[in-house]
Amino acid sequence: MTATAPRQEQLWSRCAGCASLLYRKRLRRNLDVCPECGEHARLGAPERLRQLVDPGSLRLLPDRLPEADPLDFVDALPYPHRLTGARASTGLAEGVVCATATIGGHPVALAVMDFRFLGGSLGCAVGELITRAAERALDDRTPLVLITASGGARMQEGALSLMQMATVSQAIAALREAGLLTVSVLTDPTYGGVAASFATNTDLVLAESGARMGFAGPRVIRQITGRALPEGFQTADFLLAHGQVDMVVQRRSLRGRLTALLAATRAGRPARPAVPRQEPASHRERLADDGAALAGPTDPAAEKDAGTPAVRDAWDTVRMARHPGRPTTLDYLDSVFDGFVELHGDRLGADCPAIVGGVARLAGRHVMVIGHQKGHTTAELVARNFGMASPAGHRKALRLMRLAARLGLPVVTLVDTPGADPGVSAEEHGQAAAIAENILTLTVLPTPVLAVITGEGGSGGALALAVADRVLMLENAVYSVISPEGCAAILWPDRSAAPQAARALRLTAPDLRRLGVVDEVVPEPSTAAHDDPAETAHRLRAALLANLLPLLDVPPAMLVRLRRQRFRRFGANRVGARAGLR
Ligand SMILES: [Zn+2]
């Protein structure tokens, strides 16, 4: 590889962030991140590959293409002279280096852009090379990893370079159709036509710490608007806050993060890990017949084995479900699941803190977990909008559900919300349509979906995550079309009638089990979930495994058909269910 030819390196270099004079070798050992201020210096493609891929695994793809100067372009210098100069100074044939390799043992195809080569500009050759890397990924059935660094399209190739945005995007669409993961890693800077195509239309978008990404550059925007730009405009953290990237990653963590994501999203359905089935025989029988899972109310006595049979007043259960000490989704992600990697953003402008989601492992099996997040303190609750999702939250959930289906990952949802965010801004951004789209998508999502009502299951906001093959409910959770207070305000003289409303609404787990809305009640420790979170987590984990594993054997088309039947049933035949109520 010409690119690895040793170049005369200076002994010292000055940090662009803090102006410290740094010993070059020390800086390189630190992955070109300033030990003084954390500034991430730009990396050339060869150095980037060296840092990222497993030693000895790199196989470069051919990088020689026929010379092209389609426009006979001349500015101050003829285009061919600029190309020759770029080749001489970088040792590269073009502005991208493509290869196959393994990262953390996972085979991938890679395309790594090099900003030193004519500003990483996207010309016909760069577009062609990246497209070939994508096609290689398709042939090998491996994920595609793109590391972007570009000022945009290559002006010297005019509209032909613009077309490359479409060419590469088509190749990415083919990978998407094939259920193969695409990941882009934004590095500094990523702008223009690259930002507006394959840097952001991949499944996952990571931003390296310190990276800036945007369609228009800051100078252009300042000129056009005549205004100062907000602090941190277009930086990685800005992109995260505005829902544009899944995560911001320090360079030293990039390899580890990619490894975790590649492991979680390995194409197709990986062989089932050797997990002992823990469900009792009776449970097995119930699951052996998926039709039976759709059956109506079963003998209430069956519930006795499942938990404490103590009859608690519905209003007490409501207060229990809202207890600030009750484990949250992030608590369960820590206690029930392993290796959670959070994915952020709706890609439309926001990242809703009331919904968290990402890939995780459940007893060694990779799953997509999506849930409402509340908090234990007032500050946490406020920061999470009390678990009330905005339209952006629902769209983030939708994005992750679709991604899970494409990659063959089961979806586990954890529902704990007073309801969807009822604010003015939520209305302006299409709250109703956002919820509607989630419900529709879940009814036909071709992958197993398991929902658990862990705390409050508030109305449409809850259902937006709870159209599932199996719906579980923690013993002291509630699930209702309206809050007891809201119901009391409408149907009773005033809100003080909330306790009566709670009883009338039949919102407790045993009631909903009898109604067939919930398939299984997960018993809580004798007091309540918040008194023994560890035991609660243990029981939830067992219930998740017992319910999820059998679903993995059902073909997706069958899952969808059964799921539709499950929800179709609620339209009729409810009389018998009502008879089962006290
Ligand atoms: Zn520095």
Side-chain angles (χ1 to χ4, degrees), residues 1 4 28-33 40 43 45-61 97-113 133-134 136-148 175 178-187 202-209 211 236 245-275 333 337-344 357-369 400 403-404 406-409:
M1 169 184 184
T4 52
R28 182 121 293 189
R29 270 200 306 277
N30 206 40
L31 307 178
D32 282 77
V33 176
H40 284 50
L43 291 183
E47 178 57 21
R48 173 69 68 178
L49 282 165
R50 200 186 61 74
Q51 290 186 9
L52 223 44
V53 309
D54 299 338
S57 71
L58 188 71
R59 301 285 175 273
L60 294 175
L61 296 175
V97 177
C98 299
T100 62
T102 59
I103 297 177
H106 303 285
V108 294
L110 293 128
V112 183
M113 304 184 85
R136 179 61 184 265
L138 190 61
D139 286 347
D140 293 352
R141 294 202 59 78
T142 65
L144 175 70
V145 176
L146 305 172
I147 315 284
T148 63
L175 290 169
L180 294 166
L181 182 74
T182 55
V183 184
S184 65
V185 179
L186 309 177
T187 74
T202 45
D203 291 324
L204 300 177
V205 183
L206 282 54
E208 186 175 58
S209 197
V245 300
D246 284 293
M247 62 185 79
V248 178
V249 188
Q250 298 272 325
R251 187 171 290 165
R252 66 168 180 277
S253 307
L254 188 54
R255 198 178 127 78
R257 275 307 195 203
L258 282 173
T259 301
L261 290 169
L262 292 168
T265 54
R266 217 161 13 210
R269 294 186 176 208
R272 179 180 299 176
V275 176
L333 277 161
F337 299 87
D338 305 300
F340 175 56
V341 181
E342 186 169 0
L343 303 172
H344 289 273
V359 289
R361 290 191 308 276
L362 177 64
R365 170 165 288 278
H366 294 289
V367 294
M368 183 73 77
V369 184
L400 299 183
L403 178 61
R406 208 152 62 229
L407 299 169
L409 294 178

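Distance check: L175 CG to L144 CG gives 6.0 Å after rounding to the nearest 0.5 Å. With values rounded to the nearest 0.5 angstrom, H366 atom NE2 is found 10.5 Å from L261 atom CG. Atom CE of M368 and atom CG of L343 lie 6.0 Å apart (nearest 0.5 Å). With values rounded to the nearest 0.5 angstrom, T187 atom OG1 is found 11.5 Å from L146 atom CG. Atom CG of L110 and atom CZ of R136 lie 11.5 Å apart (nearest 0.5 Å). Put simply, CG on L49 and CG on L60 are 7.0 Å apart, with the number rounded to the nearest 0.5 Å.
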- request: Would you please test V108 and V53 for side-chain contact (heavy atoms from CB on, under 4.5 Å) and show each step?
  value: CA-CA 9 Å; V108 294; V53 309; 5.8 Å; no
task: Take S184 and T202 through the side-chain hydrogen bond (donor to acceptor under 3.5 Å, both in side chains) test and state the conclusion after the steps.
output: CA-CA 6 Å; S184 65; T202 45; 3.1 Å; yes
message: Evaluate L409 against V367 for side-chain contact (heavy atoms from CB on, under 4.5 Å), listing each step before the verdict.
response: CA-CA 5 Å; L409 294 178; V367 294; 5.9 Å; no
Derivation of the side-chain contact (heavy atoms from CB on, under 4.5 Å) call for T100 and L61: CA-CA 7 Å; T100 62; L61 296 175; 4.2 Å; yes
query: Q51 and R252: side-chain contact (heavy atoms from CB on, under 4.5 Å), yes or no, with the steps?
result: CA-CA 9 Å; Q51 290 186 9; R252 66 168 180 277; over 6 Å; no
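In this structure, D203 contributes its side chain and V183 its backbone to no donor-acceptor pair below 3.5 Å. Although no hydrogens or angles enter the test, the distance criterion places no donor-acceptor pair under 3.5 Å between the side chain of R59 and the main chain of A101.
Here the side chains of Q250 and L254 are not in contact, with every heavy-atom distance at 4.5 Å or above. I147 places a side-chain heavy atom less than 4.5 Å from the side chain of L52. Two residues are said to be in side-chain contact when any heavy atoms from C-beta on lie closer than 4.5 Å; T142 and P107 meet this criterion.
Taking every heavy atom of both residues into account, V369 and A360 meet most closely at CG2-CB, 4.1 Å. For the residue pair A236 and V245, the shortest heavy atom distance occurs at O-CG2, 4.3 Å. Shown here for T148 and M113, the closest heavy-atom pair between the two residues is CA-SD, 3.9 Å. Across A178 and L138, no two heavy atoms sit closer than the pair CB-CD1, 3.6 Å.
At a threshold of 4.0 Å, the pair R255-D54 counts as salt-bridged, since one of the basic side-chain nitrogens sits closer than that to a carboxylate oxygen. Taking 4.0 Å as the cut-off between side-chain N and carboxylate O, E208 and R48 count as a salt-bridged pair.
Scanning for side chain to side chain contact (heavy atoms under 4.5 Å, CB included) contacts around E342 gives F340, H344, V356, with sequence neighbours left out.
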